[in-house]
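So that the names make sense, note that chain A is the first sequence line, chain B the second, and so on, each numbered from 1.
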Amino acid sequence: MSSPADNFEASRAEKLHRIEQLGVDPWGGRFDGHTAIRDVLALPADKPDAERPKVRAAGRIVGKRGQGKLFFLDIRDWTTPIRTNEQGQERHALQVMIGQKQVNELSWKLVSNLDLGDLIGVDGSFGKTKMGEPTIFAESLTYLGKSLEPHPDKWAGMQEMEYRLRHRYLDLIYTPDTLDRTLKRIKIIKTIRNHLDGQGFVEVETPVLHAIAGGAAARPFTTHHNTLDIPLFQRIALELHLKRLLVGGIEKVYEIGRVFRNEGISQRHNPEFTMMELYQAYADYRSMMDLTEGLIVACVDALGGGRQLPYGEHTVNFEPPWQRACYVDLFREHVGVDMNDKDAVRAAAPKFKINPQIVVEGKVIGDKDHDVIVHELFEHAVEDKLIGPVFVHDYPAGLCPLTKRQRGNPNIAERFELYVRGMELANAYTELNDPITQEQTFRQQLAGLPEEDSMAKMDEDFIRALRHAMPPAGGLGVGIDRLVMLLTNTTTIRDVILFPLLRPEK
RNA sequence: GAAGGCGUAGCUCAGUCGGUAGAGCAACGGACUUUUAAUCCGUAGGUCGAGGGUUCGAGCCCCUCCGCCUUCACCA
């Protein structure tokens, strides 16, 4: 008894053998001068037979129809547009016609060995068939790779998320949105670089391996260096090194890089994700608002789909200027009480299903801090309403201990978050450059951390850097994955990351 | 971490009341020079996620486990 896989493997092995017997390498080699399928389809297709343009193309076989001495292939490459043909049908491939009399003898012998999933090079002329389908009329074929595995159903495609994630290479071929999103992500990141470079920022690379994982309050991944025999952490933020560079006089600096947080996985969280952080000397959070607006509008424009982008049921209007709203005002508007009125805030909490008491394992062990209740209320009552884009600015100082206070108002932190569709897209501060306050606040934060987070340590070296005077600065952080989600109408982070973390099979 | 859903051929999916495991595509053999989800004739393909239990009999009912999805919780 043979399994279907065995049958399949045996048949492909037999074809490999037959191709080799013809003196043809089934794995191909350098194939110069081929035209992208997008460009082939743009060639004039209505010339008389004798005047058809000569073309060379290469692609993956995604369809084949045999008809005795005439054979049709559908091939696809990474430029292949989705178009509607003269019959009103949607097509996502370029047709190749192989006629026994039109193609050379060796190529005709190869035809019976062609399978869905193979990579093939074609030389021929470009025109239309009697049915009006743009087609390459093949004169010779070149093998560029034989698929030894079956490919997904050509019409149903790939439906199961797990199958798509574990076979992303197939997903890129058979789910058009996957390739489209991937290319858009690349374009967005490139646009960010171009835009920032154009504003005089410089991009740097800072260490991924940290002796102390600082700059955020997240649990890090741990690792170990053998020669030094020390524990190391993968970075959870870019912040502390970039600020050292501010001290060093690099006045406009940014980094786009991977950060790692050893926390939950969800539609909006992957353990490794891409952050962009930038710092600008002698600027503040207001400067960052203008910069953020310009940066994201540049990304929107780069995608070429206009400034109103769909997201789920909504349309988000990225046309500047964007709304700017005070935290206090939004709070009053949606919660209905003044956030500084402690009794009123406490009384309002249950209306939004928030317990103003701290409960551990079913027991009340105390009252939550006022600022904590305020922020929980904000998250439950306000965030979802922020279709935006909207800059929420001037946070309660208690929520942002490491942010510079407003001059003359120590209860307000100079911070904003950019919200779009209820998602936090960017986070910016007027950075604290007073090393004494910074150190005190660090120590207070560390003192409050639970046992399991005891790997968090004071970064003395960073404090020492600040003590040499860091310029006042504005800082901005943008979660690139979430930005791509928003701009490509994608609801899960796993579809904007090519290879999101999955539990290994078996 | 909790609850719910899903897991059947390579892919996409049916499977009724517990009674011999099904279809389309893909594959294999054959016919066919303008097809395009080609058509026609024929063939093969299964650890029903894994393990245990109930039963004369389990894809289906029960238990345990694994994986994925969704919601919630967590989340600078």
Check every strand shown and say whether A:Tyr174 touches a base, only sugar-phosphate, or nothing at a heavy-atom separation below 4.0 Å.
nothing

Between B:rC25 (P) and A:Asp115 (CG): distance, integer Å
17 Å

A:Thr79 versus A:Asp77, side-chain donor and acceptor atoms under 3.5 Å
yes

Runs of at least three consecutive pairs that involve RNA chain B, where pairs are Watson-Crick or G-U with distances under 3.5 Å
B:1-7 with B:66-72, B:10-13 with B:22-25, B:27-31 with B:39-43, B:49-53 with B:61-65

Take the protein atom NE2 of A:His17 and the nucleotide atom C1' of B:rC28, then report the distance between them rounded to whole Å.
18 Å

For A:Ser266 against A:Ile493, the heavy-atom pair lying closest together:
O-CG2, 3.8 Å

Basic-acidic side-chain contact under 4.0 Å: A:Glu149, A:Arg12:
no

Roughly how many Å apart are B:rA23 and B:rC75, using the C1' atom of each and rounding to a whole number?
46 Å

If the P atom of B:rU8 is compared with that of B:rA76, how far apart are they to the nearest Å?
38 Å

Expressed as a whole number of angstroms, how long is the span from A:Leu170:CG to B:rU12:P?
11 Å

Could you state the atom-to-atom distance from CZ of A:Arg482 to P of B:rC75 in whole Å?
13 Å

Has the side chain of A:Asp153 got a donor or acceptor that lies under 3.5 Å from a partner of the other kind on the base of B:rG24?
yes

On a whole-Å scale, what distance lies between the C1' atoms belonging to B:rA58 and B:rG52?
13 Å

I'd like to check the side-chain hydrogen bond (donor to acceptor under 3.5 Å, both in side chains) partners of A:Glu272; sequence neighbours left out, ordered by chain and number.
A:Arg258

What distance, rounded to whole Å, do you find between the two C1' atoms, one in B:rA44 and one in B:rA38?
23 Å

A:Asp74 and A:Lys64 ion-paired at < 4.0 Å:
no

Atom-to-atom span, NZ of A:Lys15 to P of B:rA27 - whole angstrom:
7 Å

State which residues pass side-chain hydrogen bond (donor to acceptor under 3.5 Å, both in side chains) with A:Thr206; sequence neighbours excluded, sorted by chain then number.
A:Arg235, A:Glu255

What I want to find out is whether A:Lys243 reaches A:Glu431 closely enough, with some N-O distance under 4.0 Å, to be called a salt bridge.
yes

B:rC74 C1' sits how many Å from A:Glu376 CD, rounded?
12 Å

Using the test side chain to side chain contact (heavy atoms under 4.5 Å, CB included), find all partners of A:Arg286 that sit at least two apart in sequence or belong to another chain.
A:Asp284, A:Met289, A:His393, A:Asp394

Residues two or more places apart in sequence or in another chain: which of them pass side-chain hydrogen bond (donor to acceptor under 3.5 Å, both in side chains) with A:Gln67?
none

With A:Gln234, which residues qualify under side-chain hydrogen bond (donor to acceptor under 3.5 Å, both in side chains), at least two apart?
none

Pairing donors with acceptors under 3.5 angstrom, does anything connect the side chains of A:Arg405 and A:Asn411?
no

Between B:rA26 and B:rC65, how far apart are the P atoms? Round to whole Å, please.
42 Å

With a 4.0 Å heavy-atom cut-off, tell me which residues in residues 258-266 of chain A come close to RNA chain B, sorted by residue number.
A:Glu263

Base, sugar-phosphate, or nothing for A:Gly477, non-hydrogen atoms under 4.0 angstrom?
nothing

With P as the reference atom in both, quote the distance from B:rG29 to B:rU16 in angstrom, rounded to an integer.
36 Å

Step through it carefully: locate the ring centre of A:Phe378, locate the ring centre of A:Tyr327, and say whether they are under 6.0 Å apart.
yes

One character per nucleotide, please: for nucleotides 33-43 of chain B, 5' to 3', B when the base has a protein heavy atom closer than 4.0 Å, S when only the sugar-phosphate does, - otherwise.
BBBBBB-----

Between B:rC62 and B:rU54, how far apart are the C1' atoms? Round to whole Å, please.
7 Å

So, are A:Lys15 and A:Asp115 salt-bridged, with charged N and O less than 4.0 Å apart?
yes

List every contact pair, protein side and nucleotides 67-70 of chain B side both N or O, where the distance is under 3.5 Å.
unit_1: B:rG67; atom_1: OP1; unit_2: A:Arg503; atom_2: NE; d: 2.5
unit_1: B:rG67; atom_1: OP1; unit_2: A:Arg503; atom_2: NH1; d: 3.1
unit_1: B:rG67; atom_1: O2'; unit_2: A:Glu162; atom_2: OE1; d: 3.4
unit_1: B:rG67; atom_1: O2'; unit_2: A:Glu162; atom_2: OE2; d: 2.5
unit_1: B:rC68; atom_1: OP1; unit_2: A:Arg503; atom_2: N; d: 3.1
unit_1: B:rC68; atom_1: O4'; unit_2: A:Glu162; atom_2: OE1; d: 3.0
unit_1: B:rC69; atom_1: OP1; unit_2: A:Arg494; atom_2: NH1; d: 2.1
unit_1: B:rC69; atom_1: OP2; unit_2: A:Arg494; atom_2: NH1; d: 3.3

For residues 39-51 of chain A, tabulate all N or O donor-acceptor pairs below 3.5 Å that involve a side-chain atom, not counting sequence neighbours.
unit_1: A:Asp49; atom_1: OD1; unit_2: A:Arg52; atom_2: NH2; d: 2.9

Does OP1 or OP2 of B:rA27 have a side-chain N or O of A:Ser11 closer than 4.0 Å?
no

For A:Asp118 and B:rA26, what is the distance between atoms CG and P respectively, to the nearest whole Å?
15 Å

Going by side chain to side chain contact (heavy atoms under 4.5 Å, CB included), name the residues that satisfy it together with A:Leu16, two or more places apart in sequence or in a different chain.
A:Pro26, A:Trp27, A:Lys146, A:Leu148

Counting only side-chain heavy atoms from C-beta out, which of B:rC74, B:rU12, B:rA76 sits nearest to A:His269?
B:rC74

Partners of A:Asp153 by side chain to side chain contact (heavy atoms under 4.5 Å, CB included), sequence neighbours excluded?
A:Trp155, A:Ala156

Have a look at A:Glu149 and say if it touches a base, only the backbone sugar-phosphate, or nothing, with a 4.0 Å heavy-atom cut-off.
nothing

Taken to the nearest whole Å, CG/A:Leu238 to C1'/B:rA76 is 14 Å

Would you measure the distance from the P atom in B:rG10 across to the matching atom in B:rG53 and give it in whole Å?
28 Å

